[in-house]
Amino acid sequence: MRIPEFKLERYFAKWEFQAPYLLCSSDIEGWRMSDLLALADADARERWERLSLGYTESTGLPVLREELAGLYPGVDAGQVLTFAGAQDAIFVLLNVLLGPGDHAVVTWPGYQSLYEVARATGAEVSLLRLREDEGWRLDLAAVERMLRPDTKVVVVNFPHNPTGALPDAETWRGLFALAEARGVYVLSDEVYRYLEYDARDTLPSAVEVSARGVSVGVMSKAFGLAGLRVGWLASRDAGLLARCAAFKDYTSLCNAAPSEVLALVALRARERVLARSRALLADNLARMDDFFARRREHFSWVRPKAGSVAFPRLLSGESVEKFCQALVAQEGVLLLPGAVYDFPGNHFRLGLGRMNLPEALARLERFCDTFFQR
């Protein structure tokens, strides 16, 4: 397999542990171990205290799979398979679904592995461009035009990274109607699910809507537990999950035992865990709304509908790459230029999930005061 360099991850490899203010992170502020363990019920606490650091079941801790299945009405534990993060799940699923002679449709801009892993299998990929002037909406007519006899999968990511877009319920169900009519799978990257700003906008997961739907989840984003590296697939297609389980023997094989128990703790206390995430996002989003309202001449701001990221655009004649380089050099504040998505225009990814956003925003304000006076 030959696969291009992962531009976003290489960018973070350079800056993530050097820049003090990550104003572009896609995850929610991580939980401290002691605070998370304080949420454990008696069973989870006992599991933690008597935990043995040996190999774990390759399909995932059974009780953890039961909790994950509980996120999806009508789904049982046998329809969930755990992985070492969502990246592992995506890599395995796309390699199982695709190969030379196959075709995939993938929303763009987007997380690079969603399309580059597909290409690396030998499949042909068509990028479905989301457009700022359309509010980053999902265009079903455009999806339908891209579908071909050899299309095996449509890959979507909602709530969307990096734009924060979210389809309405009618569009969402229309997507699965198209897929079912053509016998196409829908790989739905749902790692930002539960971070909808209005609960009424929450979409049913792909695995709930259709037997052709495969839902990808992770503890990293909405739950603020990126360090656990626990992700999963949920599907009603038993044959597909069995093939993924067999392929996984060549990747992560199994999850880390401590991570499984800590994920169990968080899932059993998920209302409290998610309430923390949503409160942090609400506060930070209000700050960014105010910032962009006062900086209309400098930035284009399509307000996200869900998730922990947004994709504003720099209106200055200066390139966003130079803007980001100068910002991190002068103020220690990191933004992610749209070039890491190979996306045209002067967009940059903004992260909304960190507790030090107020300090980072103050530094960005100070930087803008001088940058735009040049």
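Because only heavy atoms are used, hydrogens play no part in the values below, and waters and symmetry mates are left out as well, while side chains stay in. By convention here, the first residue in the shown sequence is residue 1.
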Phe311 ring centre to Arg349 NZ or CZ under 6.0 Å, with the angle to the axis within 45°?
no
Assign the ring pair Phe299 / Phe292 to parallel, tilted or perpendicular, where the plane angle (0 to 90°) is split at 30° and 60°.
perpendicular
Centroid separation Phe91 to Phe83 less than 6.0 Å:
no
Can you name the residues that form a salt bridge (Lys or Arg N to Asp or Glu O under 4.0 Å) with Asp150, not counting sequence neighbours?
Arg148
Arg268/Asp43 salt bridge by N-O under 4.0 Å criterion
yes
Consider only side-chain N and O atoms of Thr59 and Arg65, and report whether a donor and an acceptor are under 3.5 Å apart.
yes
Taking the ring centre of each residue, are Trp108 and Tyr341 less than 6.0 Å apart?
no
Less than 4.0 angstrom from a charged side-chain N to a carboxylate O is my criterion; do Glu359 and Arg363 meet it?
no
Distance under 6.0 Å and angle within 45° of ring axis: Arg278 vs Tyr194
no
Starting from the C-alpha separation in whole Å, work towards a yes-or-no answer on side chain to side chain contact (heavy atoms under 4.5 Å, CB included) for Asp290 and Arg287.
CA-CA 5 Å; Asp290 175 68; Arg287 293 176 184 273; 5.9 Å; no
For the residue pair Phe176 and Trp172, categorise the inter-ring angle as parallel (less than 30°), tilted (30 to 60°) or perpendicular (more than 60°).
perpendicular
Would you find more than 12 non-hydrogen atoms of other residues, nucleotides or ligands less than 6.0 Å from Glu170 atom CD?
no
Quick one, Val214 with Leu241, criterion side chain to side chain contact (heavy atoms under 4.5 Å, CB included). Give me CA distance, side-chain angles, the key distance, then yes/no.
CA-CA 10 Å; Val214 184; Leu241 280 184; over 6 Å; no
Name all residues meeting the ring-ring contact (aromatic ring centres under 6.0 Å, His included) criterion together with Tyr197; count only those two or more places apart in sequence or in a different chain, and write none if there are none.
none
Non-neighbouring partners of Arg193 that pass salt bridge (Lys or Arg N to Asp or Glu O under 4.0 Å), sequence neighbours left out:
Glu208
If you round to the nearest 0.5 Å, how far is CD of Glu331 from CD of Glu365?
11.0 Å
Derivation and outcome, side chain to side chain contact (heavy atoms under 4.5 Å, CB included), residues Phe367 and Phe323
CA-CA 10 Å; Phe367 176 78; Phe323 179 87; 3.5 Å; yes
Output for pair (His160 NE2, Asp189 CG), nearest 0.5 Å, gives 9.0 Å
Might you work through the side chain to side chain contact (heavy atoms under 4.5 Å, CB included) test for Leu93 and Leu240, ending with a clear yes or no?
CA-CA 8 Å; Leu93 180 61; Leu240 178 63; 4.0 Å; yes
Taking ring-ring contact (aromatic ring centres under 6.0 Å, His included) as the definition, give me every residue that meets it alongside Tyr111, ordered by chain and number, with sequence neighbours left out.
Phe6
Taking side chain to side chain contact (heavy atoms under 4.5 Å, CB included) as the test, write out the residues that go with Arg50, two or more places apart.
Glu46, Arg47
OG (Ser26) and CG (Leu350) are apart, to the nearest 0.5 Å, by 12.0 Å
Within the supplied structure, the quantity of interest is the number of heavy atoms (other residues, nucleotides, ligands) at a distance under 6.0 Å from Tyr55 OH; does it exceed 12?
no
Got a sec, which residues hit salt bridge (Lys or Arg N to Asp or Glu O under 4.0 Å) with Glu116, two or more places apart in sequence or on another chain?
Arg119
Output yes when Arg354 and Asp27 qualify as a salt bridge under the 4.0 Å nitrogen-oxygen rule, no when they do not.
yes
Before accepting this row, confirm whether a basic side-chain N of the pair Lys248/Asp88 lies closer than 4.0 Å to the acidic partner's carboxylate O.
no
Strictly below 4.0 Å, N to O, side chains only: are Arg200 and Asp198 in salt-bridge contact?
yes
